[in-house]
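Encoded as structure tokens, the structure appears first; notes follow it.
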Amino acid sequence: MKAAALSGFRGPLLIAGAFVALSLALFGYLYLQAAASMTARFDPVLTGELDALATDEPARRLTALDDRLRDDPRRVKLEGLFAPDGARVAGNVLALPPDLPRDGQVHDATLTRIDGRGQEIQKVRAVAETLPDGVVAVVARNIDEIADIAAIVRRVLALGVLPTLGLAVIGGVLLSLRTRRRIAEITRTAQRIVAGDLRERLTLRRGDEDFNSLARVVNTMLDEIERLIHEIAGIGDDIAHELRTPLTRTRAILERGRANAQTLEALQDVADRAIGGLDRTLAIVTALLRIAEIEHRHRLAGFGEVELAGIVREVAELYQPMAEDREIALTLDAPADSPGGATVRGDRDLLFEAVANLVDNALKFTPSGGRIDLALRVRAGDTVVRVADTGPGIPEAERDAVTRRFYRADKSRRTPGVGLGLALVAAIAKLHGFRLSIGGGPGCVVELVCPRPAAA
């Protein structure tokens, strides 16, 4: 438990540590730049004063040195002249530093300043050189300003960065605690959902838009899952009901045949009727498997450019003889030079199956002497396959329900079929991102609307 709590605060602490490191690097860089800038200003002045000592006549050196030191109210200048043996000749430098090279270059050094206030050890930038007459000249400048800059940087860090860091850590910890509470709440809700309570939903809280956005998405997903589960349960009931009827009828036929059939012809008739019942059962199972296959087809690798005009013409040629046998006029309106919208992206075999099911469904419900119009249109940039018939039509209240499995309107109870044709078409349309529209006529008008590729 303690390890889990520490892991929850690890993120804020890491962020705070990164903030401290970046702050230190930034202020360190500022300090180095300031020190380098001041040093760059000091060094040319020091070498210039050393050159002035070197060019002065020996008689004027002492006077010029004393004048420069007197003109130093801030006590930052140090100059000294030393005999070849190191004895102090003039200036405010007590002794010649043994580690200061006499090469005319500026170096960091530590000197002892001596004046009316006594002796004081100071860190300086200094340059030393042996003059032509053997005298050693030392010119230096106090660099306490650089130390002052370092002190200012430290104060800024202490007064600005550290309180900010503390607030950042506290804020991060509070946010972490709040996040952990929300995650714990989500976890408890998810556990109840896993336990079977599908009505549970994530709570939306005021002022927590990030989690609210996540909660809305998850709740929408849970709504869809609950709907699908209830739909699956209903489908299971429908399947049991639909299969029970033909199987019960087939069993009754076989029982009566065993009890009553006296001749071979009678037994053959019983067997044929039983086979018909089994065929109806197999048709239901086959249709269900086909819908499941379409609905769970996630791979779209087989999709390509499909010319709907060709599919519509092939379907019309396939069903024309059946329409003539039933004395139904089947007309086709799909010109070969259809506009560009007649080409869609999809699976040609599935689209052929969808159009064929629409025409087959229209044939079932259109009486003799009726009419079926199969047309291909381009409307507002969308390609539309339209099947209109002069059958009894579908009441407006049932138009959404007819695409569900096994649903059959009251007018179609006596019509052969398993009630899965429009459900199959709806599954194909959903896979392609198309829209299935059912309207009234007279008769029934069913449209498969295929949006233009950009919209799809």
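Just the heavy atoms: all of them, side chains too, but no hydrogens, waters or symmetry mates, feed the values below.
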Query raised in the report: Between E185 and R181, is the closest basic N to carboxylate O distance under 4.0 Å?
Result: no
Query raised in the report: Which atoms form the tightest heavy-atom contact between V344 and L351, and what is the distance?
Result: CG2-CD1, 4.0 Å
Query raised in the report: Under 4.0 Å between a Lys/Arg side-chain N and an Asp/Glu carboxylate O for R348 and E314?
Result: yes
Query raised in the report: Mind checking whether R371 and I328 have side chains closer than 4.5 Å, heavy atoms only?
Result: no
Query raised in the report: Is there a donor-acceptor pair closer than 3.5 Å between any side-chain N or O of D373 and the backbone N or O of A388?
Result: no
Query raised in the report: Do the side chains of V127 and Q105 get nearer than 4.5 Å, heavy atoms only?
Result: no
Query raised in the report: Is E447 paired with R379 through a side-chain N to carboxylate O contact shorter than 4.0 Å?
Result: yes
Query raised in the report: Hey, does V445 have a side-chain heavy atom less than 4.5 Å from the side chain of V387?
Result: no
Query raised in the report: Between A109 and A126, which heavy-atom pair has the shortest distance, and what is it?
Result: CB-CB, 4.3 Å
Query raised in the report: Heavy-atom distance under 4.5 Å between the side chains of I311 and V306, does that happen here?
Result: yes
Requested in this report: Kindly give the heavy-atom pair with the smallest separation between L46 and A140, and that separation in Å.
Outcome: CD2-C, 3.6 Å
Requested in this report: Rounded to the nearest 0.5 Å, what's the gap from CZ on R188 to CD on Q191? Could you check?
Outcome: 8.5 Å
Query - Sidechain-backbone polar pair: T390 side chain, G370 backbone, donor-acceptor under 3.5 Å - result: no
Query raised in the report: Does some side-chain heavy atom of Y319 sit less than 4.5 Å from a side-chain heavy atom of I372?
Result: no
Query raised in the report: Taking all atoms of both residues into account, what is the closest heavy-atom pair of M322 and L318, and its distance?
Result: CE-O, 3.6 Å
Requested in this report: Tell me, yes or no, whether the heavy-atom count around I121 atom CD1, taken from other residues, nucleotides or ligands under 6.0 Å, exceeds 12.
Outcome: no
**Report entry** 4.5 Å side-chain heavy-atom contact, V106 and T47
**Finding:** yes
Query raised in the report: Any donor and acceptor pair, going by atom type alone, linking the side chain of D360 with main-chain N or O of A356 inside 3.5 Å?
Result: no
Report task. Report the distance from atom CG of L448 to atom CG of D382, rounding to the nearest 0.5 Å. Result -> 11.0 Å
Query raised in the report: Side chain of N357, backbone of V425: donor and acceptor closer than 3.5 Å?
Result: no
Requested in this report: Begin from the C-alpha positions of C450 and L308 and carry the test side-chain contact (heavy atoms from CB on, under 4.5 Å) through to its verdict.
Outcome: CA-CA 10 Å; C450 313; L308 282 179; 3.9 Å; yes
Query raised in the report: So, are R377 and D333 salt-bridged, with charged N and O less than 4.0 Å apart?
Result: yes
Query raised in the report: Distance under 6.0 Å and angle within 45° of the ring axis: does R125 meet both against F42?
Result: no
Requested in this report: Calculate, to the nearest 0.5 Å, the distance between atoms CD and CG belonging to E317 and L332 respectively.
Outcome: 8.5 Å
Query raised in the report: What's the spacing between L358 CG and I438 CD1 if we round to 0.5 Å?
Result: 8.5 Å
Requested in this report: Taking the side chain as every heavy atom from C-beta outward, state whether V312 and L374 have any pair of such atoms under 4.5 Å apart.
Outcome: yes
Report task. Determine, for R192 against E200, whether the closest basic-nitrogen to carboxylate-oxygen distance falls under 4.0 angstrom. Result -> yes
Query raised in the report: Should we count CZ of R75 as having more than 12 external heavy atoms under 6.0 Å?
Result: yes
Query raised in the report: Is the shortest heavy-atom distance from the side chain of L100 to the side chain of H107 under 4.5 Å?
Result: yes
**Report entry** Crowding at CZ, R251 (>12 non-hydrogen neighbours, <6.0 Å)
**Finding:** no
Report task. Mind running side-chain hydrogen bond (donor to acceptor under 3.5 Å, both in side chains) on T343 and E305 for me, showing each step along the way? Result -> CA-CA 6 Å; T343 299; E305 299 298 320; 5.7 Å; no
Requested in this report: Go through the steps to decide whether D108 and K123 satisfy the test side-chain contact (heavy atoms from CB on, under 4.5 Å), and finish with yes or no.
Outcome: CA-CA 7 Å; D108 289 326; K123 291 184 178 180; over 6 Å; no
Report summary line: Smallest heavy-atom separation, L330 atom then A316 atom, equals CD2-O, 3.9 Å
Query raised in the report: Between D389 and F365, is a side-chain contact (heavy atoms from CB on, under 4.5 Å) present by the stated rule, with each step listed?
Result: CA-CA 8 Å; D389 62 57; F365 297 103; 5.6 Å; no
Query - Donor-acceptor under 3.5 Å (R141 side chain, V124 main chain) - result: no
Requested in this report: Assess whether side-chain contact (heavy atoms from CB on, under 4.5 Å) is satisfied between D223 and R201, documenting all intermediate values.
Outcome: CA-CA 9 Å; D223 291 340; R201 295 295 181 269; 2.7 Å; yes
Query raised in the report: Has E224 got more than 12 heavy atoms of other residues, nucleotides or ligands less than 6.0 Å from its CD?
Result: yes
